[in-house]
Protein chains: 2
Amino acid sequence: MADTRYRQIYHILKSRIQQGLYATGDFLPSEHELCRSYSITRTTARKALDELLREGFIEKQHGKGSQVVERRQSLGLLTVKGFSEAVGPYVRAVFLERPLAQNWPDELPFAPSAKELEHPCYFFKRLRYVGDEPVMLESNWFSTFGMEDFHQEGFVDDSFFKTLSQKYLIEITGSEQEIRAVHATGEIADLLGIAGGSPILQISIRFATSKPHLHIYGYLYCNTSKYPIGNFYKH
Amino acid sequence: MADTRYRQIYHILKSRIQQGLYATGDFLPSEHELCRSYSITRTTARKALDELLREGFIEKQHGKGSQVVERRQSLGLLTVKGFSEAVGPYVRAVFLERPLAQNWPDELPFAPSAKELEHPCYFFKRLRYVGDEPVMLESNWFSTFGMEDFHQEGFVDDSFFKTLSQKYLIEITGSEQEIRAVHATGEIADLLGIAGGSPILQISIRFATSKPHLHIYGYLYCNTSKYPIGNFYKH
DNA sequence: TAGTGGTCTAGACCACGGT
DNA sequence: CCGTGGTCTAGACCACTAG
């Protein structure tokens, strides 16, 4: 392993944090102490700490030290990935309708291309729960064009995107979304277990993929009263 | 002005970029050249360049140099970006309350740090219009700590972020947001010109900045019935 | 006062890019 | 080959925090 020195120090410290050897609130060895321990100069020690700082593992306080902090995380549903990653592992998804080839619906959040419309589409519908509470209704469409071999069962880890990636080597390369606040109507309110007319979040999505002509179209309806949609962005 | 040396160099280079003396695609003077020009060492020169790099003004290429690039301005993410893209230039912002130092409110979307709470905060409130229609109510807070010289009038191009960048050299480095659908209550409904109880979008925000300890806290209330919040993401 | 992080100097060697 | 940025050493002085 031909790594830079500061990268090595960074790895060592990061591992210890992740293993809990330095717990939240603890102070790392001081920069001067790191210099002595690893026979490096402060430039190198600071470069390693800078990396940890940038990634949110520590905070530095002048005159005190480098303190391990609770790592902020959460990718946004709105920036990239799927819901499972955005909310966490205590979510489960239940199929209301399993993936099935059928005609395109009359209305979609964004207009599919002619190429996509030339063939039928797959459609599936899921309800996501946090614990026992239904929180999100999800409908998805995508063209069968070039996806004739798509088999409908067994999503990897309950995740459509992971399935696309691991079984079909298709990656998400971009997304377009529109977000609205709307009244929950009959069926949606029923499924989410809330009163008709409650405010819910509607997210209309189009995902672009690494497969030519393949886009994923979808609507999400979220009951955000208890679990808002989170979004985190960092340069 | 008692500033650090690398901060001065950073300031000089950034100004020249913003003035167009270094245009997009141009290379900045090499690190060694900066050392000679300003009688500094490479540590200092690199620290200045690191800042510009982190803020997205330049890209560095090993063996070539530091190149000025088109500044990525992805920051309002769901807020400003979505709006300017979705509705174009017909947006204007009207102050309901101009920036004024005052006590922190009881409740904020995210908890400010102790350092920030030690000092009063600035608060301002704006209503954004598309044409004659009010579509978004915006409230912002940030600590006066280190911002004692913030003068309240004259936002550059109506933009708070542009003002921070160009007048105070402060860049947005990240954001955290929570999005909810809520009922419009009295004052908010009035200002947005909609019926009480209408579903609206509430976005709670915390922006991180390049200035230590400075965060921008805010709430947005959006009437999305006609103009949804748009979001575009590309890998 | 002792220890911490923040800044800075004055060098050095290396890896990369283009001539 | 030369100039570029990437890494690193071995110091130094300062400002901040806490006992």
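Numbered from 1 within each chain, the chains take letters A, B, ... in sequence-line order.
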Asks: Identify which nucleotide among C:dT4, C:dT9, D:dT9 has an atom closest to any side-chain atom of B:Ile40, counting heavy atoms from C-beta outward.
Replies: C:dT9
Asks: It should be established whether B:Arg46 places a side-chain nitrogen or oxygen under 4.0 Å from OP1 or OP2 of nucleotide D:dG5.
Replies: no
Asks: Separation of B:His213 atom NE2 from D:dC16 atom P, in whole Å?
Replies: 11 Å
Asks: In whole angstroms, how far is the P atom of C:dG6 from the CD atom of B:Glu51?
Replies: 13 Å
Asks: Taking atom C1' of C:dG5 as reference, at what distance in whole Å does atom CD of A:Glu33 sit?
Replies: 14 Å
Asks: Is it possible for you to check whether B:Arg98 lies under 6.0 Å from the centre of the six-membered ring of B:Phe124, through NZ or CZ, and within 45° of that ring's axis?
Replies: no
Asks: Output yes when a side-chain donor or acceptor of B:Thr209 lies under 3.5 Å from a complementary backbone atom of B:His215, and no otherwise.
Replies: no
Asks: Using 0.5 Å steps for rounding, measure from the OH atom of B:Tyr6 to the CG atom of B:Asp50.
Replies: 10.0 Å
Asks: How far does CZ of A:Arg46 sit from CG of A:Leu53, to the nearest 0.5 angstrom?
Replies: 9.5 Å
Asks: Looking only at side chains, do B:Ser15 and B:Gln18 share a donor and an acceptor under 3.5 Å apart?
Replies: no
Asks: From A:Lys60 NZ over to A:Leu52 CG, what is the distance, rounded to the nearest 0.5 angstrom?
Replies: 9.5 Å
Asks: Starting at the 5' end of nucleotides 11-19 of chain C, put B wherever the base has a protein heavy atom under 4.0 Å, S where only the sugar-phosphate does, and a dash everywhere else.
Replies: -B--BBSS-
Asks: Got a donor-acceptor contact below 3.5 angstrom from the A:Glu118 side chain to the A:Glu116 backbone?
Replies: no
Asks: Applying ring-ring contact (aromatic ring centres under 6.0 Å, His included) between B:Phe142 and each of B:Tyr168, B:Phe161, B:Phe160, report the one that passes.
Replies: B:Phe160
Asks: Round to a whole Å and report the spacing from NZ of A:Lys47 to P of D:dT9.
Replies: 12 Å
Asks: Please tell me if B:Ser30 has a side-chain N or O lying less than 4.0 Å from either OP1 or OP2 of D:dG3.
Replies: no
Asks: Please determine if a side-chain N or O atom of B:Thr44 lies less than 4.0 Å away from the OP1 or OP2 oxygen of C:dT7.
Replies: no
Asks: From the list C:dT7, C:dG5, D:dG5, which nucleotide is the closest neighbour of the side chain of B:Tyr6?
Replies: C:dT7
Asks: Could you check how far CG of A:Leu49 sits from P of C:dT4, rounded to whole Å?
Replies: 13 Å
Asks: In whole angstrom, what separates B:Glu31's CD from D:dT7's C1'?
Replies: 11 Å
Asks: Mind pulling the stems DNA chain D is in, i.e. runs of at least three Watson-Crick or G-U pairs, everything under 3.5 Å?
Replies: C:1-18 with D:1-18
Asks: Give the rounded distance in Å between these two atoms: CG of B:Asp3 and C1' of C:dG6.
Replies: 13 Å
Asks: Of all heavy-atom pairs between B:Leu192 and B:Val135, which one has the smallest distance, and what is that distance?
Replies: CD2-C, 3.6 Å
Asks: Check the distance between D:dT9's C1' and A:Arg5's CZ and give it to me in whole angstrom.
Replies: 13 Å
